[in-house]
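One structure is given below, encoded as structure tokens.
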Amino acid sequence: MNGLRRAKRWMGDHLVLGLGLLVLVYTFVPIAVVVLMSFNDSSRSRNVYKFQEFTTEHWFHPGSWAPGMADSVWLSIRIALFATAVATLLGTLAAFALVRHRFAGRSSANLIIFLPMASPEIVMGSSLLALFVSAGFGGQLGFWTILIAHIMFCLSFVIVTVKARLSGLDANLEQAAMDLYATEAQTFWRVTFPLVLPGIVGAALLSFSLSFDDFIITNLNAGQSVTFPMFVWGANQRGVPMEVNVIGTAMFLISIAIVLVAETTRRRQAKALAR
Amino acid sequence: MTSTAGVAPANPHDIAPLPQPQRGRRLTGYWLILPAAIWLGLFFVVPFYSLVSASLYDPDGSVLTGYDMTWHVANFAEAIGQYKVQIGRSLVYAGTATLLCLVLGYVLAYAIAFKAGRWKNLMLVLVIAPFFTSFLLRTLSWKLILADDGWVVGVAQALHLTNVLNLIGLTSTDDRLLATPFAVIAGLTYNFLPFMVLPLYASLEKVDIRLIEASSDLYASPIRGFFKVTFPLSLPGVVAGTLLTFIPAAGDYINAELLGNPNTRMVGNVIQGLFNTQLDYATAGALSVTLMVIIIAAVLVYVRTAGTEELV
């Protein structure tokens, strides 16, 4: 009886974990396909939805890429870099204001920051387009209008991420620094800022990937410019070139590497602190 | 907290002036938030005004000749009348995908929060990892996976799953998965799953394990304990996750375009087409505003029913 109950319990524990792992595996199936297809030689057949023959050509000879793809990747990188820089700066300042300062209109500010995350992208994108057109910029859609849109939707995510890190901070640490005669500036740069930095870096990475990956808002405000997601969208109409999967795989590998490096440094720091 | 700082006194002489550093700090708050506030004001709040005015333009205008503001409220009636099928479909697809996300996401979040042990952090990273490969490429992958001659379709046929799906109307063409409502809903479920898992995990993580133990001490079965203790305590996560999944899914058109067919078009596809190809800004604006209003109304009703008003 006891053994049966224990077996039942073991089953109960491991069943949930097993099901959870199954869900996790399911989320990686399409990624496996992206990786696989980045090695597909599709030149022999028009059927691009089937694995034909193994090749590393797309990985090592960017010259073999479909025309326009390299330009679209470069445009997406530039926009993501600029958008990340501006959104991270403005967002971090705002997060400090919201956590550390009391002022009138604070709760309405919080609401306005929440709204972009809760609005459908199609509505945000179309309202920006309506603004640009009614302001007479309808003919000049491109790099700058994309950048403005991307900074706008990255801002909320930066503010929320940095805010979470800041409000989790132990105020005693800053108090202690002040007690030890550190000036306000010294306290900020030697204590507060280093402690908040992981949150800021996380927010910047999130911004970069949100900006690099955005399609819906970008497509409405891009005019003749073609970002990487727009290139994929256009390519889909003609049959997707396998090279796009190289970019997808590279994005995945780079972000995994960054997360791993961040995690190991965090662990090493935690260990060093504990010692 | 805002009661002292936010409300201006009726007569400034009634209370003593604040000490200097305090006042300096208060102004710093404004200066710090000003740039972000200006950006969001100019490029998030003001555009809504433009969108609403675009929805009231005279529909006879065009981008080239310019639009006249004629307060043409009939745009709304026309847009809704013409595209009610797509609006309804968007809500049904997004709702179904949200439910599926809730089931799958809950299992995963529960496993991470209570069963993963020292693998917790790794599993959390793995939840976010797919997020870093292009949304479009992942969706295109499903096109390959569900392809007509693929093994997924083969297995589904062998198990007579396709017949079941046909029966409940999720697939209309026999023995196919791609280009059906099933594929679109599957794509939506897949793409928005992380938005469900993370809030669920955050709120399950906060559940005090002793409460669950107490319920089992009081002879509640694990299942009863789950529905009486764990699930109610995770409600804030359920509400947040549902909103974060449903709202973007209702406005999405990528899944419907890549995985569906002309009969699975959602309201997002229509708005996109009206803006980008047909350049009918008046109808597109009206449709966009309608979508937003429906979503806000749905969110308010849902949040009120779920009973966690403090969330929004």
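Chain identifiers are assigned alphabetically (A, B, ...) following the order of the sequence lines, protein sequences preceding nucleic acid strands; residue numbering begins at 1 within each chain.
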Subject >> Residue, of B/Leu244, B/Leu258, B/Val127, that accumulates the most heavy atom pairs under 4.5 Å with chain A >> reply: B/Leu258
Subject >> Under 4.5 Å from a heavy atom of chain A, the part of B/Ile254 involved >> reply: both
Original post:
So what's closer than 4.5 Å to chain A heavy atoms on B/Ala54: side chain, backbone, both or neither?
Top reply: side chain
**OP:** Report the option among B/Asp252, B/Ile145, B/Leu126 that has the most heavy-atom pairs separated by less than 4.5 Å from atoms of chain A.
**Re:** B/Leu126
**OP:** For chain A, find which of B/Gly251, B/Ala250, B/Ser141 contributes the most heavy-atom pairs closer than 4.5 angstrom.
**Re:** B/Ser141
**OP:** Keeping the roles fixed (side chain from A/Thr27, backbone from A/Leu24), state whether a donor-acceptor pair exists under 3.5 Å.
**Re:** yes
**OP:** Select one option (side chain, backbone, both, neither) describing which atoms of B/Leu193 are under 4.5 Å from chain A's heavy atoms.
**Re:** side chain
**OP:** Kindly assign one of parallel, tilted or perpendicular to the pair A/Tyr26 and B/Tyr190, based on the angle between their ring planes and the thresholds 30° and 60°.
**Re:** perpendicular
Subject >> Reported CG-to-CG distance for the pair B/Leu108 and A/Leu22, which is rounded to 0.5 angstrom >> reply: 10.5 Å
Original post:
How long is the span from the CG atom in B/Leu51 to the CG atom in A/Leu128, to the nearest 0.5 Å?
Top reply: 10.0 Å
Subject >> ring-ring contact (aromatic ring centres under 6.0 Å, His included) evaluation trace for A/Phe212 with B/Phe132 >> reply: CA-CA 10 Å; A/Phe212 193 91; B/Phe132 288 107; over 10 Å; no
**OP:** Could you tell me whether B/Tyr49 atom OH has more than 12 heavy atoms of other residues or ligands within 6.0 Å of it?
**Re:** no
**OP:** Report the option among A/Leu210, A/Leu19, A/Leu129 that has the most heavy-atom pairs separated by less than 4.5 Å from atoms of chain B.
**Re:** A/Leu129
Subject >> Value rounded to 0.5 Å, distance of CD1 in B/Ile247 from CE in A/Met117 >> reply: 11.0 Å
Subject >> Contact listing (chain A partner; residues 109-117 of chain B; heavy atom under 4.5 Å) >> reply: B/Tyr110, B/Ala111, B/Lys115, B/Ala116
Subject >> A/Asn110-A/Ser107 side chain donor-acceptor pair, cut-off 3.5 Å >> reply: no
**OP:** Using non-hydrogen atoms and a 4.5 Å limit, figure out which bit of B/Pro222 sits close to chain A: side chain, backbone, both or neither.
**Re:** neither
Subject >> Spacing of B/Met196 atom CE and B/Leu102 atom CG [to the nearest 0.5 Å] >> reply: 4.5 Å
Original post:
Which one of A/Ala109, A/Gly91, A/Ser119, A/Ser134 has the most heavy-atom pairs closer than 4.5 Å to chain B?
Top reply: A/Ser119
Subject >> Within residues 38-47 of chain B, residues adjacent to chain A where the heavy-atom gap is under 4.5 Å >> reply: B/Trp39, B/Leu40, B/Leu42, B/Phe43, B/Phe44, B/Val45, B/Val46, B/Pro47
Original post:
Most heavy-atom pairs under 4.5 angstrom with chain B, which of A/Ile216, A/Val34, A/Leu155?
Top reply: A/Ile216
Original post:
Under the ring pair (Phe, Tyr, Trp, His ring centres under 6.0 Å) test, which residues partner B/Phe195, sequence neighbours left out?
Top reply: B/Phe131, B/Phe192
Original post:
Should A/His101 and B/Trp31 be marked as a side-chain contact (heavy atoms from CB on, under 4.5 Å) after you check the CA-CA gap, both sets of side-chain angles, and the distance that decides it?
Top reply: CA-CA 11 Å; A/His101 298 272; B/Trp31 285 116; over 6 Å; no
Subject >> Residues, nucleotides or ligands: over 12 heavy atoms within 6.0 Å of A/Phe137 CZ >> reply: no
**OP:** Verify whether one side chain among A/Asp213 and A/Ser209 offers a donor that lies under 3.5 Å from an acceptor in the other.
**Re:** no
Subject >> Check against ring-ring contact (aromatic ring centres under 6.0 Å, His included), A/Phe215 and A/Phe228 >> reply: CA-CA 9 Å; A/Phe215 175 73; A/Phe228 179 64; over 10 Å; no
Original post:
Of all of A/Ala94, A/Ala135, A/Ser126, A/Ala32, which one pairs up most often with chain B through heavy atoms under 4.5 Å apart?
Top reply: A/Ser126
Scan the side chains in residues 240-256 of chain A for donor-acceptor partners under 3.5 Å anywhere in the protein, sequence neighbours excluded, and list what turns up.
unit_1   : atom_1 : unit_2   : atom_2 : d
A/Glu243 : OE2    : A/Ala66  : N      : 2.6
A/Asn245 : ND2    : A/Met242 : O      : 3.4
A/Thr249 : OG1    : A/Asn245 : O      : 2.7
A/Ser255 : OG     : A/Met251 : O      : 2.8
A/Ser255 : OG     : A/Phe252 : O      : 2.9

**OP:** Using a cut-off of under 4.5 Å on heavy-atom pairs, state which of A/Val29, A/Leu115, A/Val158 scores highest against chain B.
**Re:** A/Leu115
Original post:
chain A heavy atoms under 4.5 Å from B/Ile295: which part of the residue, side chain, backbone, both or neither?
Top reply: side chain
